[in-house]
Visitor: 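The structure that follows is given in the form of structure tokens.
Below, chains carry the letters A, B, ... as their sequence lines are ordered, and counting in each starts from 1.
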Protein chains: 2
Amino acid sequence: MPRHRITQSDVAAMAGVSQATVSFVLNGNTPAGVRIGEETRQRVLDAIRITGYTANPLAQRLAGGLTQILGVFTYEATFPRAGRDFYGPFLVGIEHAAERLGVDLLLFTSAPATGGRRQLTRDGWQRLGVADGCLLLGQHEDRGELQHLLDTNYPFVFIGKRGSDGGRLPYVGADYVGATTRQVDRLVALGHRHLGYVGVRGTDQPTLDRVEGYRTALKARGLTPSFVESDDVATAAGEILARSLTAVVVAPENHPEELADELERRGARVPGDVSVLLLGQPHHPRRGGRRWSGFSVPREEMGVRALYLLSRLVADDGGRRDRETRRASAVPDAELHQLLNCPDVEGATAAPAPSSAGPDPASA
Amino acid sequence: MPRHRITQSDVAAMAGVSQATVSFVLNGNTPAGVRIGEETRQRVLDAIRITGYTANPLAQRLAGGLTQILGVFTYEATFPRAGRDFYGPFLVGIEHAAERLGVDLLLFTSAPATGGRRQLTRDGWQRLGVADGCLLLGQHEDRGELQHLLDTNYPFVFIGKRGSDGGRLPYVGADYVGATTRQVDRLVALGHRHLGYVGVRGTDQPTLDRVEGYRTALKARGLTPSFVESDDVATAAGEILARSLTAVVVAPENHPEELADELERRGARVPGDVSVLLLGQPHHPRRGGRRWSGFSVPREEMGVRALYLLSRLVADDGGRRDRETRRASAVPDAELHQLLNCPDVEGATAAPAPSSAGPDPASA
DNA sequence: TCAATTCGATAATGCGCATTATTTGCAGGG
DNA sequence: CCCTGCAAATAATGCGCATTATCGAATTGA
């Protein structure tokens, strides 16, 4: 038994055939009029079994094949040292899917993080090539980078909705719009008429979607939107009370925990006087902290779906060494853009409106 | 600008030199009497800068170089779908280290999990080759597999102490023996004289070490060990009370939460009547659960150290395409086997012994 | 002036595999 | 008897790079 890794040549020698023959047998297909006799085929298969040969993924890839490696690129540190582990849940799903698909995962941790934000530089881009395709996580969006990806026809899938580029970017996202709309509806059903939205108006997709959901839901109910945009918790709490809001929706990144504390410090009970619905999972769950009402983002499921989609794209596009031939994708458009439902969470921060005569007496 | 990835040949063409020259310039070294003129060198460097060329890691590796990819193999699912995320903290550290080292991480999720336990089969073993070296996490230990690793001189590092193989296996572990000893000392200092060890006697290293620490600490104090080995929480609680133990140490996998609940259900307050020290972090931290006293395993730090060590081993052994030449390792033995300290945790489950006259009146 | 160095750089090779082009052996047809 | 046709397999090539062997020109020494 050779000390070095067993190669096709080793197998070939044992079976008394050429390396090429082994390759053909392995891949099953015989592209150009090449035929392998059944007897020879068996001999090769036996040799493979005996030697325990397995293909070297690198060599395969270099020769135009697939590595069975899928990449994961995060624009922020994958496992943040301090603070909430944002990507963890996604990775749980991703790994689960990877296991079922029989692929390995490559985490692009080498990308230089400039100012806490990873760049998909030309350098990093080259490294992507090791993987057959890549998952992209995070908010950053560099037009140039994306264009490059599209140009080279490299398979990739975003985790998180992507509105830009005319919807040509494949993604698996969460339905923030719908979920936020439902939260407003829950509050209205509880008798609330003065509902606020707390949080700075970022331009990231989740925030845009939350705002849109909030706005349209209020409009549909004939209510007036009320945005509390202060970044400062104290100011925000003051605003809420000053405007006599009986309920607010707030995104996890806008310090809901501190906000609720501040409200109570000012004598407003949560949810007794002010209901607070959380538009996603809390970032920094405290020990013995509040059980938030609101909705949860199915991150794990998103991870699973995203990797499956990526796998399909790879199978569809990959394999062909000639990346130039961009044939019409066989993956239906509906699969290319998936929006997953965010299930409601029954917590302890939502209650009927204080001075209301019960649930929804006569909505306009 | 070519659509395909830029190769050394592209750079060479632009600089008006040969591909080999580019390679030499890139690697800096000129092994065998090869010299590159300063002017030419600059021309090549300029071409590299202009084209944004970066080496293809696969090709490098195939040609005997390094991929700058380090592998992570877990014997169990890396991100368990249900239950506590055991590997998470390690990965936080590993990723952090990877970032600093400028390497990518390859998660071997493709290994078939037979009965919830991943195998490092010949197949999987081949796939390791993509990475320059590999981190091994988990309890499983297959002599054959390990021998293979050693034989091929493939760089690897265990996370978690490894006692077998005459200490030839490089690892970064936690000092369970010392930490457990300290816990016993804490309890003794609180006046406890009847200290039990709760938990089934597994053969895994952490358990062996905990037991050893417990045993030697008691012996040093002239006290009698008392093992409560029942797997059943109710039985264990009964035993503790029947033996009049005033304190127990318990490993996280032995359901400390349920045990404490059961004790209190039987009228024994924790820690009023029975102190319970946890030998590690809780597996399933509950919302509003107990704040355990005991110690914590520095998983993150272990991850960091392990990857650094692996990186050193790779640098030391790697690079040389001739894996046969096993030269004396330049990595000192002290670094090859690291035991990290487990800091004590001040929680709320340790109290002075009930009928004791205070802290440690006259220890034998 | 011509061989002996030294300098500067290139051609050639192999890593392990997929794939294309080509060869070989052998039956049947004219 | 030679040529065509087909089955069966092999030789050859390239992927992108590291490395070894090799080569040409400029410089030196006597």
Visitor: So, is Arg35(A) near the phosphate of dA8(D), with a side-chain N or O under 4.0 Å from OP1 or OP2?
Guide: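 For dA8(D), neither OP1 nor OP2 has a side-chain N or O of Arg35(A) closer than 4.0 Å.
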Visitor: Where the side chain of Asn56(B) is concerned, which of dC17(D), dA11(D), dT10(C) is the nearest nucleotide?
Guide: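 Looking only at side-chain atoms, Asn56(B) lies closest to dC17(D).
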Visitor: Could you state the atom-to-atom distance from CZ of Arg61(A) to C1' of dT19(C) in whole Å?
Guide: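 Those two atoms, CZ and C1', are 17 Å apart.
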Visitor: Can you tell which of dA12(C), dT10(D), dC17(D) lies closest to the side chain of Ser18(A)?
Guide: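 Nucleotide nearest to Ser18(A)'s side chain: dT10(D).
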Visitor: Can you find a side chain N or O atom of Gln19(A) that sits less than 4.0 Å from OP1 or OP2 on dA11(D)?
Guide: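 The answer is no; no side-chain N or O of Gln19(A) sits under 4.0 Å from OP1 or OP2.
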Visitor: For Thr21(A), which contact category applies under a 4.0 Å heavy-atom criterion: base, sugar-phosphate, or nothing?
Guide: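 The residue Thr21(A) makes base contact.
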Visitor: Hey, does Val22(A) reach any base, or is it just sugar-phosphate, or nothing, if we go heavy atoms under 4.0 Å?
Guide: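 Val22(A): no heavy atom of the nucleic acid under 4.0 Å.
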Visitor: Using modelled atom types and a 3.5 Å cut-off, is there a donor and acceptor pairing between side-chain atoms of Thr67(A) and backbone atoms of Val130(A)?
Guide: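 Judged by distance alone, yes, a pair lies under 3.5 Å.
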Visitor: Nearest whole Å is fine: how far is dG16(C) P from Asn27(A) CG?
Guide: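 From Asn27(A) CG to dG16(C) P: 17 Å.
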Visitor: Rounded to whole Å, please give me the gap between CD1 in Ile36(A) and P in dA18(C).
Guide: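 Distance, rounded to whole Å: 13 Å.
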Visitor: Measure CD/Gln60(B) against P/dG16(C) and give the value in whole Å, please.
Guide: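 It works out to 17 Å between those atoms.
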Visitor: Which nucleotide wins on minimum distance to the side chain of Val17(B), given the candidates dT10(C), dG8(C), dA18(D)?
Guide: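 Shortest atom-to-atom distance from the side chain points to dT10(C).
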Visitor: Any side-chain N or O of Thr7(B) below 4.0 angstrom from OP1/OP2 of dG16(D)?
Guide: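 Checking dG16(D) against Thr7(B), no side-chain N or O comes under 4.0 Å of OP1 or OP2.
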Visitor: What's the OH-P distance between Tyr53(A) and dG16(C), to the nearest Å?
Guide: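 Rounded to whole Å, this separation is 10 Å.
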Visitor: Judged by atom type as modelled, is there a donor-acceptor pair below 3.5 Å linking the side chain of Asp104(A) to the main-chain atoms of Ile69(A)?
Guide: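 Not confirmed, Asp104(A) side chain does not pair with Ile69(A) backbone.
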Visitor: Check whether any side-chain N or O of Gln68(A) sits under 3.5 Å from a backbone N or O of Val103(A) as a donor-acceptor pair, and report yes or no.
Guide: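 No: the side chain of Gln68(A) does not pair with the backbone of Val103(A).
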Visitor: Grab the two heavy atoms, one from Ile159(B) and one from Ala306(B), that are nearest each other, plus how far apart they are.
Guide: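 Taking every non-hydrogen atom into account, CG1-CB, 3.6 Å.
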Visitor: Nearest to the side chain of Ala20(B), heavy atoms from C-beta on, is which of dA18(C), dA9(D), dA12(C)?
Guide: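 The answer is dA12(C).
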Visitor: Closest approach to the side chain of Ala63(B), judged atom by atom: which nucleotide of dG14(C), dG8(C), dG16(C) is it?
Guide: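 Looking only at side-chain atoms, Ala63(B) lies closest to dG14(C).
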Visitor: Just to confirm, is there a sub-4.0 Å distance from OP1 or OP2 of dA18(D) to any side-chain nitrogen or oxygen of Ser23(B)?
Guide: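 For dA18(D), OP1 or OP2 has a side-chain N or O of Ser23(B) closer than 4.0 Å.
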Visitor: Between Gln338(B) and Glu335(B), is there a donor-acceptor pair closer than 3.5 Å when you use the side chain of the first and the backbone of the second?
Guide: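 Yes, Gln338(B) side chain to Glu335(B) backbone: donor-acceptor pair under 3.5 Å.
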Visitor: Calculate the interatomic distance between Leu58(A) atom CG and dG14(C) atom C1'; express it in whole Å.
Guide: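 So the CG-C1' distance, Leu58(A) to dG14(C), works out to 15 Å.
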Visitor: With side-chain contact (heavy atoms from CB on, under 4.5 Å) as the criterion, how do Tyr75(A) and Leu136(A) come out once you've worked through the C-alpha distance, each side chain's angles and the decisive distance to 0.1 Å?
Guide: CA-CA 8 Å; Tyr75(A) 286 101; Leu136(A) 269 4; 4.1 Å; yes
Visitor: Could you check how far CD of Gln8(B) sits from C1' of dC15(D), rounded to whole Å?
Guide: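 Distance, rounded to whole Å: 13 Å.
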Visitor: May I have the distance from Asp132(A) (atom CG) to dA18(C) (atom P), rounded to whole angstrom?
Guide: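 My rounded result for the distance is 13 Å.
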Visitor: Side chain of Leu62(B) only, heavy atoms from C-beta on: which candidate in dG16(C), dC17(C), dC17(D) is closest?
Guide: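 Closest nucleotide to the Leu62(B) side chain: dG16(C).
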Visitor: The side chain of Phe24(B) lies closest to which of these nucleotides: dC17(C), dA9(D), dT10(C)?
Guide: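 Of all the options, the side chain of Phe24(B) is nearest to dT10(C).
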Visitor: Judged by each residue's nearest nucleotide on DNA chain C, which is more toward the 5′ side, Arg43(B) or Ala59(B)?
Guide: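 It is Arg43(B) whose nearest nucleotide is closer to the 5' end.
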